[in-house]
Number of protein chains: 2
Amino acid sequence: MHILLVEDDAQIADGLCAALALENFTVDHVATATAAEQALSLGHFDAVILDLGLPDEDGVSWLERMRRQQHDLPVLILSARDSVAQKVSGLQAGADDYLLKPFDLRELSARLHSLLRRSSGRSTHVIEHEGLMVNPSHLEVTLHGVPVNLARREMALLLAFLNNPKRILSAEYLQDALYGLGDGVESNAINVHIYNLRRKLGSSMIQTVRGLGFRLGVPDEPA
Amino acid sequence: MHILLVEDDAQIADGLCAALALENFTVDHVATATAAEQALSLGHFDAVILDLGLPDEDGVSWLERMRRQQHDLPVLILSARDSVAQKVSGLQAGADDYLLKPFDLRELSARLHSLLRRSSGRSTHVIEHEGLMVNPSHLEVTLHGVPVNLARREMALLLAFLNNPKRILSAEYLQDALYGLGDGVESNAINVHIYNLRRKLGSSMIQTVRGLGFRLGVPDEPA
DNA sequence: TGCCTTTGTTAATGCTCTGTTAATACCCAG
DNA sequence: CTGGGTATTAACAGAGCATTAACAAAGGCA
(Lines give C-alpha, C1' and ligand atoms only; values in the text may rest on other atoms or scores of the structure.)
Protein backbone atom coordinates (compact mmCIF):
# COMPACT_ATOMS: atom_id res chain seq x y z
CA MET A 1 0.00 0.00 0.00
CA HIS A 2 1.34 3.36 -1.07
CA ILE A 3 0.75 6.32 1.23
CA LEU A 4 1.47 9.98 0.49
CA LEU A 5 2.33 11.82 3.69
CA VAL A 6 2.00 15.60 3.48
CA GLU A 7 3.51 17.04 6.64
CA ASP A 8 5.91 19.93 7.20
CA ASP A 9 6.98 19.06 10.73
CA ALA A 10 10.03 16.87 10.20
CA GLN A 11 9.82 15.23 13.59
CA ILE A 12 6.21 14.12 13.21
CA ALA A 13 6.86 13.05 9.64
CA ASP A 14 9.80 10.87 10.61
CA GLY A 15 7.83 9.20 13.36
CA LEU A 16 4.95 8.52 11.02
CA CYS A 17 7.18 7.18 8.28
CA ALA A 18 8.82 4.78 10.68
CA ALA A 19 5.54 3.65 12.19
CA LEU A 20 3.87 3.12 8.84
CA ALA A 21 6.89 1.35 7.42
CA LEU A 22 6.59 -1.11 10.28
CA GLU A 23 3.15 -1.99 9.01
CA ASN A 24 4.46 -2.56 5.51
CA PHE A 25 3.15 0.63 4.05
CA THR A 26 5.24 2.34 1.43
CA VAL A 27 5.38 5.97 2.46
CA ASP A 28 6.36 8.93 0.33
CA HIS A 29 6.87 12.07 2.36
CA VAL A 30 6.52 15.63 1.10
CA ALA A 31 6.53 18.83 3.15
CA THR A 32 4.56 21.24 0.97
CA ALA A 33 1.29 21.39 -0.89
CA THR A 34 3.12 22.00 -4.13
CA ALA A 35 5.26 18.92 -3.73
CA ALA A 36 2.17 16.94 -2.77
CA GLU A 37 0.41 17.91 -5.94
CA GLN A 38 3.44 16.92 -7.97
CA ALA A 39 3.70 13.59 -6.22
CA LEU A 40 0.04 12.85 -6.91
CA SER A 41 0.42 13.55 -10.58
CA LEU A 42 3.57 11.48 -10.87
CA GLY A 43 2.86 8.26 -9.04
CA HIS A 44 0.11 6.06 -7.77
CA PHE A 45 -1.06 6.32 -4.15
CA ASP A 46 -3.69 4.48 -2.18
CA ALA A 47 -4.27 7.16 0.42
CA VAL A 48 -3.11 10.59 1.57
CA ILE A 49 -2.32 11.67 5.09
CA LEU A 50 -2.63 15.43 5.03
CA ASP A 51 -1.47 17.92 7.62
CA LEU A 52 -3.52 21.09 7.48
CA GLY A 53 -0.76 23.46 8.61
CA LEU A 54 1.35 23.61 5.48
CA PRO A 55 3.73 26.47 4.71
CA ASP A 56 2.68 27.22 1.17
CA GLU A 57 -1.03 26.56 1.04
CA ASP A 58 -3.93 25.85 3.33
CA GLY A 59 -4.57 22.11 3.46
CA VAL A 60 -8.30 22.50 3.06
CA SER A 61 -8.07 24.51 -0.12
CA TRP A 62 -5.46 22.11 -1.45
CA LEU A 63 -7.83 19.24 -0.82
CA GLU A 64 -10.67 21.03 -2.55
CA ARG A 65 -8.47 21.56 -5.55
CA MET A 66 -7.48 17.92 -5.66
CA ARG A 67 -11.09 16.82 -5.49
CA ARG A 68 -11.96 19.10 -8.35
CA GLN A 69 -9.21 17.40 -10.33
CA GLN A 70 -10.97 14.07 -9.84
CA HIS A 71 -8.51 12.67 -7.37
CA ASP A 72 -10.89 10.52 -5.40
CA LEU A 73 -8.46 8.63 -3.24
CA PRO A 74 -9.03 8.50 0.54
CA VAL A 75 -7.68 11.41 2.57
CA LEU A 76 -7.02 11.42 6.30
CA ILE A 77 -6.51 14.86 7.74
CA LEU A 78 -4.19 15.68 10.64
CA SER A 79 -4.88 18.89 12.43
CA ALA A 80 -4.06 20.80 15.56
CA ARG A 81 -6.46 20.66 18.42
CA ASP A 82 -7.40 24.32 18.42
CA SER A 83 -8.69 24.67 14.90
CA VAL A 84 -12.06 23.03 15.02
CA ALA A 85 -13.68 25.18 12.38
CA GLN A 86 -10.91 24.19 10.01
CA LYS A 87 -11.58 20.55 10.64
CA VAL A 88 -15.23 20.92 9.94
CA SER A 89 -14.49 22.56 6.63
CA GLY A 90 -11.95 19.80 6.04
CA LEU A 91 -14.68 17.23 6.12
CA GLN A 92 -16.77 19.38 3.86
CA ALA A 93 -13.88 19.72 1.44
CA GLY A 94 -13.93 15.99 0.95
CA ALA A 95 -11.72 14.43 3.57
CA ASP A 96 -12.72 10.93 4.52
CA ASP A 97 -11.55 11.15 8.09
CA TYR A 98 -9.48 13.28 10.36
CA LEU A 99 -7.40 13.03 13.48
CA LEU A 100 -6.45 15.55 16.13
CA LYS A 101 -2.85 16.22 17.08
CA PRO A 102 -1.38 14.88 19.20
CA PHE A 103 -2.62 11.48 18.17
CA ASP A 104 -1.80 7.92 19.06
CA LEU A 105 -0.03 5.91 16.39
CA ARG A 106 -2.25 2.91 16.97
CA GLU A 107 -5.22 5.09 16.41
CA LEU A 108 -3.83 6.48 13.18
CA SER A 109 -3.09 2.97 12.03
CA ALA A 110 -6.57 1.74 12.85
CA ARG A 111 -8.21 4.60 11.01
CA LEU A 112 -5.91 4.26 8.04
CA HIS A 113 -6.65 0.59 7.67
CA SER A 114 -10.33 1.28 7.97
CA LEU A 115 -10.11 3.94 5.29
CA LEU A 116 -8.24 1.71 2.91
CA ARG A 117 -10.68 -1.09 3.35
CA ARG A 118 -13.63 1.20 2.85
CA SER A 119 -12.17 2.54 -0.35
CA SER A 120 -10.80 -0.62 -1.86
CA GLY A 121 -12.41 -1.22 -5.18
CA ARG A 122 -14.16 2.11 -5.36
CA SER A 123 -11.68 3.40 -7.88
CA THR A 124 -13.42 4.19 -11.13
CA HIS A 125 -10.32 4.46 -13.23
CA VAL A 126 -11.10 2.97 -16.62
CA ILE A 127 -8.63 2.71 -19.46
CA GLU A 128 -9.82 2.68 -23.04
CA HIS A 129 -8.05 1.43 -26.13
CA GLU A 130 -9.50 0.49 -29.51
CA GLY A 131 -12.85 -0.75 -28.32
CA LEU A 132 -11.32 -2.15 -25.20
CA MET A 133 -12.53 -0.95 -21.80
CA VAL A 134 -10.37 -1.96 -18.85
CA ASN A 135 -11.07 -1.51 -15.16
CA PRO A 136 -7.92 -2.81 -13.46
CA SER A 137 -9.20 -2.83 -9.90
CA HIS A 138 -12.19 -4.97 -10.81
CA LEU A 139 -10.38 -7.29 -13.22
CA GLU A 140 -13.06 -6.19 -15.64
CA VAL A 141 -12.58 -5.97 -19.37
CA THR A 142 -15.03 -5.51 -22.20
CA LEU A 143 -14.24 -5.69 -25.91
CA HIS A 144 -16.77 -3.73 -27.96
CA GLY A 145 -19.18 -4.06 -25.08
CA VAL A 146 -18.71 -7.81 -24.69
CA PRO A 147 -17.33 -8.85 -21.31
CA VAL A 148 -14.04 -10.69 -21.39
CA ASN A 149 -12.82 -12.71 -18.46
CA LEU A 150 -9.12 -12.20 -17.79
CA ALA A 151 -7.00 -13.94 -15.17
CA ARG A 152 -4.64 -11.93 -12.97
CA ARG A 153 -1.51 -12.47 -15.03
CA GLU A 154 -3.32 -11.72 -18.24
CA MET A 155 -4.60 -8.50 -16.72
CA ALA A 156 -1.10 -7.57 -15.56
CA LEU A 157 0.23 -8.22 -19.04
CA LEU A 158 -2.50 -6.17 -20.66
CA LEU A 159 -1.82 -3.31 -18.26
CA ALA A 160 1.85 -3.40 -19.09
CA PHE A 161 0.91 -2.88 -22.73
CA LEU A 162 -1.67 -0.21 -21.97
CA ASN A 163 0.90 1.69 -19.93
CA ASN A 164 3.23 1.68 -22.93
CA PRO A 165 0.97 1.91 -25.95
CA LYS A 166 2.55 1.52 -29.36
CA ARG A 167 5.92 0.76 -27.88
CA ILE A 168 7.86 -2.42 -28.34
CA LEU A 169 8.16 -4.34 -25.11
CA SER A 170 10.80 -7.02 -24.85
CA ALA A 171 10.03 -10.36 -23.25
CA GLU A 172 12.49 -9.37 -20.57
CA TYR A 173 10.62 -6.16 -19.80
CA LEU A 174 7.30 -7.95 -19.65
CA GLN A 175 8.76 -10.52 -17.34
CA ASP A 176 9.82 -7.78 -14.94
CA ALA A 177 6.39 -6.19 -15.19
CA LEU A 178 4.66 -9.42 -14.23
CA TYR A 179 7.01 -10.96 -11.72
CA GLY A 180 9.10 -8.11 -10.37
CA LEU A 181 12.72 -7.50 -10.98
CA GLY A 182 15.06 -10.45 -10.87
CA ASP A 183 12.57 -12.98 -9.66
CA GLY A 184 11.38 -14.55 -12.85
CA VAL A 185 10.25 -17.65 -14.63
CA GLU A 186 12.46 -19.93 -16.63
CA SER A 187 10.26 -20.78 -19.56
CA ASN A 188 8.05 -19.33 -22.22
CA ALA A 189 5.36 -18.34 -19.75
CA ILE A 190 5.17 -14.85 -21.25
CA ASN A 191 4.59 -16.32 -24.69
CA VAL A 192 1.78 -18.45 -23.39
CA HIS A 193 0.12 -15.50 -21.70
CA ILE A 194 0.40 -13.46 -24.86
CA TYR A 195 -1.14 -16.28 -26.79
CA ASN A 196 -4.02 -16.51 -24.32
CA LEU A 197 -4.53 -12.75 -24.46
CA ARG A 198 -4.71 -12.89 -28.22
CA ARG A 199 -7.28 -15.63 -28.06
CA LYS A 200 -9.47 -13.54 -25.81
CA LEU A 201 -8.92 -10.11 -27.38
CA GLY A 202 -8.36 -10.97 -31.02
CA SER A 203 -5.06 -11.68 -32.67
CA SER A 204 -4.58 -8.17 -34.06
CA MET A 205 -4.40 -6.54 -30.67
CA ILE A 206 -0.82 -7.55 -29.89
CA GLN A 207 1.71 -7.65 -32.69
CA THR A 208 4.99 -9.50 -32.76
CA VAL A 209 8.19 -7.69 -33.65
CA ARG A 210 10.50 -10.49 -34.45
CA GLY A 211 13.70 -10.44 -32.45
CA LEU A 212 12.64 -7.51 -30.28
CA GLY A 213 9.40 -8.23 -28.52
CA PHE A 214 5.72 -7.27 -28.74
CA ARG A 215 3.69 -4.15 -29.29
CA LEU A 216 0.12 -3.07 -28.58
CA GLY A 217 -1.53 -1.65 -31.69
CA VAL A 218 -0.04 -0.41 -34.90
CA PRO A 219 3.38 1.21 -35.34
CA ASP A 220 3.56 5.00 -35.29
CA GLU A 221 5.35 5.68 -38.53
CA PRO A 222 6.05 2.97 -41.07
CA ALA A 223 8.94 5.11 -42.27
CA MET B 1 -33.69 12.70 13.25
CA HIS B 2 -33.83 10.78 16.50
CA ILE B 3 -30.67 10.59 18.59
CA LEU B 4 -30.09 8.48 21.68
CA LEU B 5 -27.64 10.19 24.01
CA VAL B 6 -26.02 7.88 26.59
CA GLU B 7 -24.13 10.07 29.04
CA ASP B 8 -23.98 10.08 32.82
CA ASP B 9 -22.52 13.54 33.32
CA ALA B 10 -25.58 15.76 33.66
CA GLN B 11 -23.78 18.93 32.70
CA ILE B 12 -22.39 17.56 29.45
CA ALA B 13 -25.70 15.90 28.66
CA ASP B 14 -27.64 19.12 29.11
CA GLY B 15 -25.27 21.01 26.89
CA LEU B 16 -25.47 18.38 24.19
CA CYS B 17 -29.25 18.18 24.35
CA ALA B 18 -29.51 21.92 23.93
CA ALA B 19 -27.00 22.05 21.11
CA LEU B 20 -28.55 19.17 19.21
CA ALA B 21 -32.04 20.52 19.71
CA LEU B 22 -30.87 23.72 18.05
CA GLU B 23 -30.07 21.67 14.97
CA ASN B 24 -33.50 20.11 14.97
CA PHE B 25 -32.44 16.75 16.29
CA THR B 26 -34.80 14.94 18.60
CA VAL B 27 -32.69 13.81 21.52
CA ASP B 28 -33.51 11.17 24.10
CA HIS B 29 -31.15 11.22 27.03
CA VAL B 30 -30.36 8.30 29.30
CA ALA B 31 -27.63 8.05 31.92
CA THR B 32 -27.00 4.31 32.17
CA ALA B 33 -26.30 1.38 29.89
CA THR B 34 -29.37 -0.40 31.15
CA ALA B 35 -31.61 2.53 30.33
CA ALA B 36 -29.95 2.82 26.94
CA GLU B 37 -30.71 -0.77 26.09
CA GLN B 38 -34.32 -0.30 27.12
CA ALA B 39 -34.60 2.83 25.05
CA LEU B 40 -33.21 1.04 22.00
CA SER B 41 -35.68 -1.80 22.31
CA LEU B 42 -38.59 0.56 22.85
CA GLY B 43 -38.20 3.20 20.22
CA HIS B 44 -36.59 3.99 16.94
CA PHE B 45 -33.32 5.92 16.73
CA ASP B 46 -31.17 7.08 13.86
CA ALA B 47 -27.92 7.25 15.82
CA VAL B 48 -26.41 6.78 19.26
CA ILE B 49 -23.98 9.09 21.04
CA LEU B 50 -22.29 6.91 23.61
CA ASP B 51 -20.14 7.96 26.54
CA LEU B 52 -17.72 5.22 27.50
CA GLY B 53 -17.60 6.04 31.22
CA LEU B 54 -20.96 4.73 32.33
CA PRO B 55 -21.75 3.81 35.92
CA ASP B 56 -23.28 0.39 35.37
CA GLU B 57 -21.44 -1.11 32.40
CA ASP B 58 -18.46 -0.47 30.23
CA GLY B 59 -19.54 1.33 27.09
CA VAL B 60 -17.47 -0.91 24.83
CA SER B 61 -18.99 -4.13 26.10
CA TRP B 62 -22.42 -2.55 25.89
CA LEU B 63 -21.77 -1.69 22.28
CA GLU B 64 -20.58 -5.18 21.50
CA ARG B 65 -23.75 -6.56 22.99
CA MET B 66 -25.88 -4.23 20.94
CA ARG B 67 -24.05 -5.18 17.77
CA ARG B 68 -24.61 -8.83 18.52
CA GLN B 69 -28.28 -8.05 18.74
CA GLN B 70 -28.09 -6.60 15.25
CA HIS B 71 -28.54 -3.02 16.20
CA ASP B 72 -26.57 -1.64 13.31
CA LEU B 73 -27.37 2.00 13.72
CA PRO B 74 -24.51 4.48 13.71
CA VAL B 75 -22.70 4.96 16.99
CA LEU B 76 -20.49 7.90 17.89
CA ILE B 77 -18.37 7.32 20.95
CA LEU B 78 -17.35 10.00 23.43
CA SER B 79 -14.36 9.24 25.56
CA ALA B 80 -11.85 10.81 27.88
CA ARG B 81 -8.61 12.01 26.42
CA ASP B 82 -6.30 9.56 28.20
CA SER B 83 -7.81 6.25 27.24
CA VAL B 84 -6.62 5.60 23.73
CA ALA B 85 -6.60 1.84 23.98
CA GLN B 86 -10.24 1.95 24.98
CA LYS B 87 -11.01 4.02 21.94
CA VAL B 88 -9.31 1.58 19.64
CA SER B 89 -11.30 -1.28 21.06
CA GLY B 90 -14.35 0.92 20.69
CA LEU B 91 -13.80 1.06 16.98
CA GLN B 92 -13.28 -2.67 16.99
CA ALA B 93 -16.52 -3.20 18.83
CA GLY B 94 -18.34 -1.56 16.00
CA ALA B 95 -18.39 2.16 16.65
CA ASP B 96 -18.59 4.23 13.53
CA ASP B 97 -16.67 7.17 14.91
CA TYR B 98 -15.47 8.66 18.13
CA LEU B 99 -14.62 11.94 19.69
CA LEU B 100 -12.28 12.92 22.48
CA LYS B 101 -13.43 14.93 25.50
CA PRO B 102 -13.40 17.81 25.69
CA PHE B 103 -14.82 18.33 22.26
CA ASP B 104 -16.21 21.23 20.32
CA LEU B 105 -19.92 21.21 19.71
CA ARG B 106 -19.49 22.18 16.08
CA GLU B 107 -17.18 19.24 15.63
CA LEU B 108 -19.66 16.86 17.21
CA SER B 109 -22.33 18.22 14.97
CA ALA B 110 -20.21 17.81 11.86
CA ARG B 111 -19.32 14.23 12.69
CA LEU B 112 -22.88 13.38 13.53
CA HIS B 113 -24.14 14.72 10.25
CA SER B 114 -21.41 12.87 8.45
CA LEU B 115 -22.38 9.65 10.20
CA LEU B 116 -26.03 10.06 9.38
CA ARG B 117 -25.24 10.80 5.77
CA ARG B 118 -23.05 7.72 5.51
CA SER B 119 -25.68 5.50 7.02
CA SER B 120 -28.69 6.99 5.32
CA GLY B 121 -30.69 4.33 3.63
CA ARG B 122 -29.51 1.54 5.78
CA SER B 123 -31.80 2.18 8.69
CA THR B 124 -35.53 2.45 8.99
CA HIS B 125 -36.21 1.98 5.35
CA VAL B 126 -36.79 -1.31 3.73
CA ILE B 127 -33.99 -2.12 1.34
CA GLU B 128 -34.96 -3.68 -1.96
CA HIS B 129 -32.68 -5.55 -4.31
CA GLU B 130 -33.66 -7.89 -7.13
CA GLY B 131 -36.77 -9.33 -5.54
CA LEU B 132 -35.21 -9.16 -2.11
CA MET B 133 -36.89 -7.09 0.57
CA VAL B 134 -34.83 -6.44 3.68
CA ASN B 135 -35.94 -4.66 6.81
CA PRO B 136 -32.77 -4.31 8.87
CA SER B 137 -34.41 -3.00 11.99
CA HIS B 138 -36.74 -5.97 12.19
CA LEU B 139 -34.33 -8.55 10.79
CA GLU B 140 -36.91 -9.51 8.23
CA VAL B 141 -36.10 -10.71 4.76
CA THR B 142 -38.36 -11.87 1.97
CA LEU B 143 -37.37 -13.19 -1.42
CA HIS B 144 -40.10 -12.68 -4.03
CA GLY B 145 -42.58 -12.39 -1.19
CA VAL B 146 -41.44 -15.58 0.50
CA PRO B 147 -40.05 -15.05 3.99
CA VAL B 148 -36.46 -16.14 4.46
CA ASN B 149 -35.01 -16.85 7.87
CA LEU B 150 -31.51 -15.47 8.20
CA ALA B 151 -29.19 -15.94 11.15
CA ARG B 152 -27.46 -12.91 12.66
CA ARG B 153 -24.18 -13.31 10.85
CA GLU B 154 -25.93 -13.95 7.60
CA MET B 155 -27.94 -10.78 8.05
CA ALA B 156 -24.80 -8.80 8.89
CA LEU B 157 -23.16 -10.17 5.78
CA LEU B 158 -26.15 -9.36 3.60
CA LEU B 159 -26.26 -5.83 4.99
CA ALA B 160 -22.60 -5.35 4.23
CA PHE B 161 -23.40 -6.20 0.63
CA LEU B 162 -26.50 -4.06 0.50
CA ASN B 163 -24.53 -1.11 1.85
CA ASN B 164 -22.07 -1.53 -1.00
CA PRO B 165 -24.15 -2.69 -3.94
CA LYS B 166 -22.33 -3.80 -7.05
CA ARG B 167 -18.97 -3.31 -5.43
CA ILE B 168 -16.37 -5.96 -4.86
CA LEU B 169 -15.91 -6.65 -1.17
CA SER B 170 -12.78 -8.46 -0.11
CA ALA B 171 -12.89 -11.21 2.48
CA GLU B 172 -10.91 -8.87 4.70
CA TYR B 173 -13.50 -6.13 4.41
CA LEU B 174 -16.33 -8.52 5.11
CA GLN B 175 -14.48 -9.83 8.11
CA ASP B 176 -14.29 -6.31 9.49
CA ALA B 177 -17.95 -5.78 8.77
CA LEU B 178 -18.87 -8.87 10.75
CA TYR B 179 -16.33 -8.94 13.53
CA GLY B 180 -14.93 -5.45 13.91
CA LEU B 181 -11.55 -4.04 13.06
CA GLY B 182 -8.58 -6.32 13.32
CA ASP B 183 -10.11 -8.78 15.70
CA GLY B 184 -11.35 -11.55 13.49
CA VAL B 185 -11.74 -15.22 12.82
CA GLU B 186 -8.97 -17.50 11.69
CA SER B 187 -10.70 -19.68 9.18
CA ASN B 188 -13.01 -19.70 6.22
CA ALA B 189 -16.00 -18.61 8.27
CA ILE B 190 -16.80 -15.87 5.76
CA ASN B 191 -16.86 -18.44 2.97
CA VAL B 192 -19.23 -20.62 4.89
CA HIS B 193 -21.58 -17.75 5.59
CA ILE B 194 -21.54 -16.76 1.95
CA TYR B 195 -22.32 -20.33 1.01
CA ASN B 196 -25.23 -20.37 3.45
CA LEU B 197 -26.52 -17.06 2.14
CA ARG B 198 -26.41 -18.38 -1.38
CA ARG B 199 -28.38 -21.45 -0.36
CA LYS B 200 -31.10 -19.26 1.10
CA LEU B 201 -31.14 -16.49 -1.49
CA GLY B 202 -30.16 -18.30 -4.64
CA SER B 203 -26.68 -18.77 -5.98
CA SER B 204 -26.83 -15.89 -8.44
CA MET B 205 -27.27 -13.24 -5.77
CA ILE B 206 -23.64 -13.11 -4.70
CA GLN B 207 -20.97 -13.46 -7.31
CA THR B 208 -17.37 -14.47 -6.80
CA VAL B 209 -14.58 -12.36 -8.26
CA ARG B 210 -11.66 -14.70 -8.04
CA GLY B 211 -8.70 -13.23 -6.25
CA LEU B 212 -10.54 -10.11 -5.13
CA GLY B 213 -13.66 -11.00 -3.23
CA PHE B 214 -17.41 -11.05 -3.69
CA ARG B 215 -20.03 -8.79 -5.15
CA LEU B 216 -23.78 -8.37 -4.87
CA GLY B 217 -25.42 -8.38 -8.27
CA VAL B 218 -23.97 -7.76 -11.67
CA PRO B 219 -21.01 -5.49 -12.41
CA ASP B 220 -21.55 -1.94 -13.55
CA GLU B 221 -21.24 -1.38 -17.24
CA PRO B 222 -18.07 0.62 -17.73
CA ALA B 223 -19.41 1.96 -21.00
C1' DT C 1 -31.43 -25.60 36.04
C1' DG C 2 -30.94 -28.89 32.36
C1' DC C 3 -32.43 -30.24 27.80
C1' DC C 4 -32.96 -29.13 23.15
C1' DT C 5 -32.74 -26.27 19.08
C1' DT C 6 -30.44 -22.89 16.52
C1' DT C 7 -26.33 -20.68 15.30
C1' DG C 8 -21.30 -20.00 14.53
C1' DT C 9 -16.70 -21.74 13.72
C1' DT C 10 -13.42 -25.03 12.49
C1' DA C 11 -11.52 -28.38 9.68
C1' DA C 12 -11.37 -31.68 5.96
C1' DT C 13 -12.33 -32.65 1.30
C1' DG C 14 -13.27 -31.96 -3.52
C1' DC C 15 -13.64 -29.09 -7.50
C1' DT C 16 -12.58 -25.49 -10.79
C1' DC C 17 -9.65 -22.11 -12.49
C1' DT C 18 -4.73 -20.43 -13.12
C1' DG C 19 0.00 -20.42 -14.03
C1' DT C 20 3.87 -22.80 -15.51
C1' DT C 21 6.31 -26.17 -17.89
C1' DA C 22 7.50 -28.77 -21.71
C1' DA C 23 6.90 -30.72 -26.09
C1' DT C 24 5.90 -29.96 -30.73
C1' DA C 25 4.53 -27.31 -34.88
C1' DC C 26 5.13 -23.23 -37.46
C1' DC C 27 7.36 -19.32 -39.73
C1' DC C 28 10.65 -16.16 -41.52
C1' DA C 29 15.50 -14.76 -42.65
C1' DG C 30 19.70 -15.87 -44.16
C1' DC D 1 17.07 -25.66 -46.58
C1' DT D 2 18.12 -24.76 -42.07
C1' DG D 3 18.13 -22.62 -37.56
C1' DG D 4 16.52 -19.48 -34.21
C1' DG D 5 12.64 -17.45 -32.78
C1' DT D 6 7.57 -17.71 -32.08
C1' DA D 7 2.87 -20.14 -31.80
C1' DT D 8 0.15 -23.70 -30.28
C1' DT D 9 -1.26 -27.29 -27.44
C1' DA D 10 -1.57 -30.44 -23.60
C1' DA D 11 -0.39 -31.73 -19.04
C1' DC D 12 0.57 -30.89 -14.39
C1' DA D 13 0.74 -28.59 -9.89
C1' DG D 14 -1.07 -25.28 -6.96
C1' DA D 15 -4.26 -21.73 -5.38
C1' DG D 16 -8.64 -20.31 -4.33
C1' DC D 17 -13.16 -21.30 -3.56
C1' DA D 18 -17.32 -24.50 -2.61
C1' DT D 19 -19.18 -27.90 -0.01
C1' DT D 20 -19.97 -30.72 3.78
C1' DA D 21 -19.74 -32.53 8.40
C1' DA D 22 -18.64 -32.15 13.09
C1' DC D 23 -18.13 -29.73 17.10
C1' DA D 24 -18.80 -25.75 20.25
C1' DA D 25 -21.43 -22.10 21.89
C1' DA D 26 -25.50 -19.53 22.64
C1' DG D 27 -30.26 -18.97 23.42
C1' DG D 28 -35.10 -20.74 24.26
C1' DC D 29 -38.20 -23.34 26.98
C1' DA D 30 -40.07 -26.21 30.39
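Predicted model, so just to flag it, every value in this text is computed and none were measured.
- Within a 6.0 Å sphere centred on CD of E172(A), heavy atoms belonging to other residues, nucleotides or ligands number 12 at most.
- With rounding to whole Å, L174(A) atom CG is found 13 Å from dT20(C) atom P.
- Side-chain N/O atoms of T208(B) include none lying less than 4.0 angstrom from OP1 or OP2 on dG16(D).
- For the pair E140(A) and R215(B), the salt-bridge criterion is met [side-chain N within less than 4.0 Å of a carboxylate O].
- Distance check, rounded to the nearest 0.5 Å: CD1 of I206(B) to CZ of F214(B) gives 8.5 Å.
- If you measure from atom CD of E172(A) to atom C1' of dG5(D), you get 16 Å, rounded to the nearest angstrom.
- For the pair F214(B) CZ and dG16(D) P, the interatomic distance rounds to 12 Å; values are reported in whole Å.
- At whole-Å resolution of the value, OH in Y195(A) and P in dT21(C) are 19 Å apart.
- When the nearest nucleotides of DNA chain D are assigned to V209(A) and R199(A) by heavy-atom distance, the more 5′-ward of the two goes with V209(A).
- Of the possible polar contacts, none joining the H29(B) side chain to the L4(B) backbone as a donor-acceptor pair under 3.5 Å is found.
- Rounded to the nearest 0.5 angstrom, L78(B) CG and L108(B) CG are separated by 6.5 Å.
- Nucleic acid contact for R153(A): sugar-phosphate only, since backbone atoms but no base atoms lie under 4.0 Å from a heavy atom of the residue.
- Listed pair H193(B) / dT7(C) fails the phosphate criterion, with no side-chain N or O lying under 4.0 Å from OP1 or OP2.
- Side-chain to base pairing of N196(A) with dT9(D): no donor and acceptor N or O lie closer than 3.5 Å to each other.
- Rounded to whole Å, the distance from CG on N191(B) to P on dT10(C) is 12 Å.
- Distance CZ (R152(B)) to P (dT5(C)): 18 Å, rounded to an integer number of Å.
- The side chain of R210(A) places no N or O atom within less than 4.0 Å of a non-bridging phosphate oxygen (OP1 or OP2) of dT6(D).
- Distance CG (L150(B)) to C1' (dT7(C)): 12 Å, rounded to an integer number of Å.
- Whole-Å rounding puts the N188(B) CG to dG16(D) P distance at 14 Å.
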